[in-house]
Each structure stands twice: as C-alpha cells, then as structure tokens.
Amino acid sequence: MKQVFLDQGRLYYSRDPSMVRTVLGSCVSVCLLDRHARAGGMNHYVLPVCNDGSGSPRYGDAAIIRLIQAMHRLGCDCNDLRAKIFGGAAVLPYGVAEDTVGDRNVAIAEALLDRYGIPITARCTGGDAGMIVRLHITTGDVMVRCVTKSTETTEYALT
C-alpha cells in the first residue's frame, strides 16, 4: 500500500489503496470520502482565508475547494461525499480564547462543507494538543493519535 506524508499546504487524493499521514496543531485537515467511487482525499492547511489572491492550498478556502474539485476529477459527486475534519488546536499564542487560528481554521471548513452540502461524519477538533492523523483512502478509516505537551499519547479510530 502506498504511504504518503502530507506536508502543510498540500493535498492528496486517489482511488488507489493509500495511507495518508499528517501532523496537525492549529492546522486543519479535511478528509473527503466517497464510498461509492471508492475514492478519498485529504488536505492540510495552515490559515483559514487567502487574502493575497494566490489561491494557495496553505489556506483553507483554497485547499477545501481544490480538494472538492480533485474528487470530482476522480468521478465523485458532491452528493456522495462525506467529510471528516481534524486539527484546529489552540497551540499558537495568537488570538483570544474564542478566536484562535485553530478555531478559524475549523470554522472555514464547516462553512465551506455546508455550502457544498457535504456532511461532516467525524471530527476531532480543538483542544490544546497536536495530533497525528492517518487516513486509509479506500476504507475511509481514520486513526488519530493526540500528542500532549508531555510525552503521553492517546490513539483512537474514527470510522
């Protein structure tokens, strides 16, 4: 099975059996899955909105739209897509408690997925710790390992 590590500002989508892994703090990853087409994809964005006109996938608004478009190229229909969202922790010393970078990253995902009519079927967002996320493209299974500020980790599966 192909192993992919997803850096910031990147996305990956495929019909081939693949395991996609990334590490998140305040960043967010949106996973899109279509069980009918047996396809899936994941992005990893840093900030919520692109204000420079570049359309860079480092920004949530661009990264989510690009992932939806990529899934369409694989033959997926928005009506069959399901989303899982991860990340958005308050790990950066910016913003007040209700308006962190992580919170804004999660909010843009929720807003765009709602606009496209794509339901969120699983999520692990917020908190104050980072996480390692692994997506199995063909099954849609996701493993999340929360990384606390100490050396402890907690791992669980979201299917």
Side-chain angles (χ1 to χ4, degrees), residues 1-50 52-89 101-102 104-127 129-147 153-159:
M1 178 183 321
K2 184 174 183 177
Q3 302 285 321
V4 177
F5 181 80
L6 200 60
D7 288 317
Q8 295 176 348
R10 302 283 185 199
L11 57 101
Y12 178 83
Y13 55 96
S14 181
R15 287 177 180 262
D16 299 328
S18 310
M19 182 67 72
V20 186
R21 181 175 50 96
T22 197
V23 179
L24 304 169
S26 60
C27 296
V28 165
S29 281
V30 172
C31 302
L32 292 181
L33 304 156
D34 182 334
R35 292 198 181 215
H36 295 106
R38 296 188 53 83
M42 176 193 269
N43 61 26
H44 178 159
Y45 60 90
V46 181
L47 295 169
V49 178
C50 180
D52 65 8
S54 69
S56 169
R58 291 181 56 80
Y59 300 94
D61 54 351
I64 294 165
I65 292 170
R66 282 189 184 191
L67 185 57
I68 292 169
Q69 292 169 341
M71 297 298 286
H72 284 162
R73 286 193 297 276
L74 291 177
C76 301
D77 184 290
C78 268
N79 294 325
D80 294 326
L81 291 176
R82 300 296 178 261
K84 297 180 182 185
I85 60 174
F86 304 95
V101 172
R104 292 193 317 259
N105 279 340
V106 171
I108 194 69
E110 293 169 336
L112 284 173
L113 293 168
D114 183 61
R115 181 186 308 165
Y116 283 89
I118 301 171
I120 299 169
T121 60
R123 67 186 304 146
C124 183
T125 59
M131 63 182 66
I132 300 166
V133 178
R134 292 182 309 209
L135 166 68
H136 189 289
I137 289 287
T138 51
T139 66
D141 292 340
V142 178
M143 295 295 294
V144 177
R145 177 179 292 163
C146 294
V147 181
T153 61
T154 303
E155 187 170 342
Y156 53 95
L158 297 170
T159 57

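Bear in mind that the values here come from a model prediction, so they are computed numbers and not experimental data.
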**Request:** Identify the two heavy atoms, one from Cys78 and one from His72, that lie closest to each other, and give their separation to 0.1 Å.
**Result:** SG-NE2, 3.5 Å

**Prompt:** CD1/Ile120 to CZ/Arg82 distance, rounded to the nearest 0.5 angstrom?
**Reply:** 12.0 Å

**Request:** Answer whether the closest heavy-atom distance between the side chains of Tyr59 and Asp52 falls below 4.5 Å.
**Result:** yes

**Request:** List the steps and the verdict of side-chain contact (heavy atoms from CB on, under 4.5 Å) for Tyr45 and Leu11.
**Result:** CA-CA 9 Å; Tyr45 60 90; Leu11 57 101; over 6 Å; no

**Message:** Taking the side chain as everything from C-beta on, heavy atoms only, tell me whether Val133 gets closer than 4.5 Å to Val142.
**Reply:** yes

**Any donor-acceptor pair under 3.5 Å from Arg35 side chain to Leu81 backbone** = no

**Prompt:** Which heavy-atom pair separates Phe86 from Met131 by the least distance, and what is that distance?
**Reply:** CB-SD, 3.9 Å

**Prompt:** Given side chains that start at C-beta, do those of Thr125 and Val28 come closer than 4.5 Å, heavy atoms only?
**Reply:** no

**Request:** Give a yes or no on whether His36 atom NE2 has more than 12 heavy-atom contacts from other residues, nucleotides or ligands under 6.0 Å away.
**Result:** no

**Request:** Measure the shortest side-chain to side-chain distance between Ile132 and Arg21 over non-hydrogen atoms and say whether it is less than 4.5 angstrom.
**Result:** yes

**Prompt:** Going by heavy atoms in the side chains, are Ile68 and Leu112 under 4.5 Å from each other?
**Reply:** no

**Item:** Interatomic distance, Lys84 atom NZ to Leu135 atom CG [nearest 0.5 angstrom]
**Value:** 7.5 Å

**Request:** Using modelled atom types only, decide if a donor and an acceptor are shared between the side chain of Arg15 and the backbone of Ala37 within a distance under 3.5 Å.
**Result:** yes

**Reported CD1-to-CD1 distance for the pair Ile85 and Ile108, which is rounded to 0.5 angstrom** = 11.5 Å

**Interatomic distance, Ser18 atom OG to Gln3 atom CD [nearest 0.5 angstrom]** = 8.5 Å

**Fill in**
Closest non-hydrogen atoms of Ala39 and Leu74, given as atom of the first, atom of the second and distance, are CB-CD1, 4.0 Å

**Prompt:** If we only count heavy atoms from C-beta on, is the Cys50 to Arg58 side-chain gap below 4.5 Å?
**Reply:** no

**Fill in**
All heavy atoms of Gly55 vs all of Ala62, minimum pair found to be O-CB, 3.3 Å

**Request:** Just do the side-chain contact (heavy atoms from CB on, under 4.5 Å) check on Val4 and Met42 with the steps written out, would you?
**Result:** CA-CA 11 Å; Val4 177; Met42 176 193 269; over 6 Å; no

**Distance, nearest 0.5 Å, that separates CG of Leu47 from CD of Gln8** = 9.0 Å

**Asked** Do His44 and Arg10 have side chains that get closer than 4.5 Å, going by heavy atoms?
**Response** no

**Asked** So, the side chain of Asn105 versus the backbone of Gly88: is there a donor-acceptor pair under 3.5 Å, distance only?
**Response** no

**Asked** Does any non-hydrogen side-chain atom of Ile137 lie less than 4.5 Å from one of Lys2?
**Response** no

**Prompt:** So, does Asn43 use its side chain to make a donor-acceptor pair with the main chain of Val30 at under 3.5 Å?
**Reply:** yes

**Prompt:** CD of Gln69 to CD1 of Ile64: how many Å apart, nearest 0.5 Å?
**Reply:** 12.0 Å

**Prompt:** Would a distance-only check, ignoring hydrogens and angles, find a side-chain to backbone donor-acceptor pair under 3.5 Å from Ser14 to Asp16?
**Reply:** yes

**Item:** Residue pair Thr121, Leu33: steps toward the side-chain contact (heavy atoms from CB on, under 4.5 Å) verdict
**Value:** CA-CA 10 Å; Thr121 60; Leu33 304 156; 5.9 Å; no

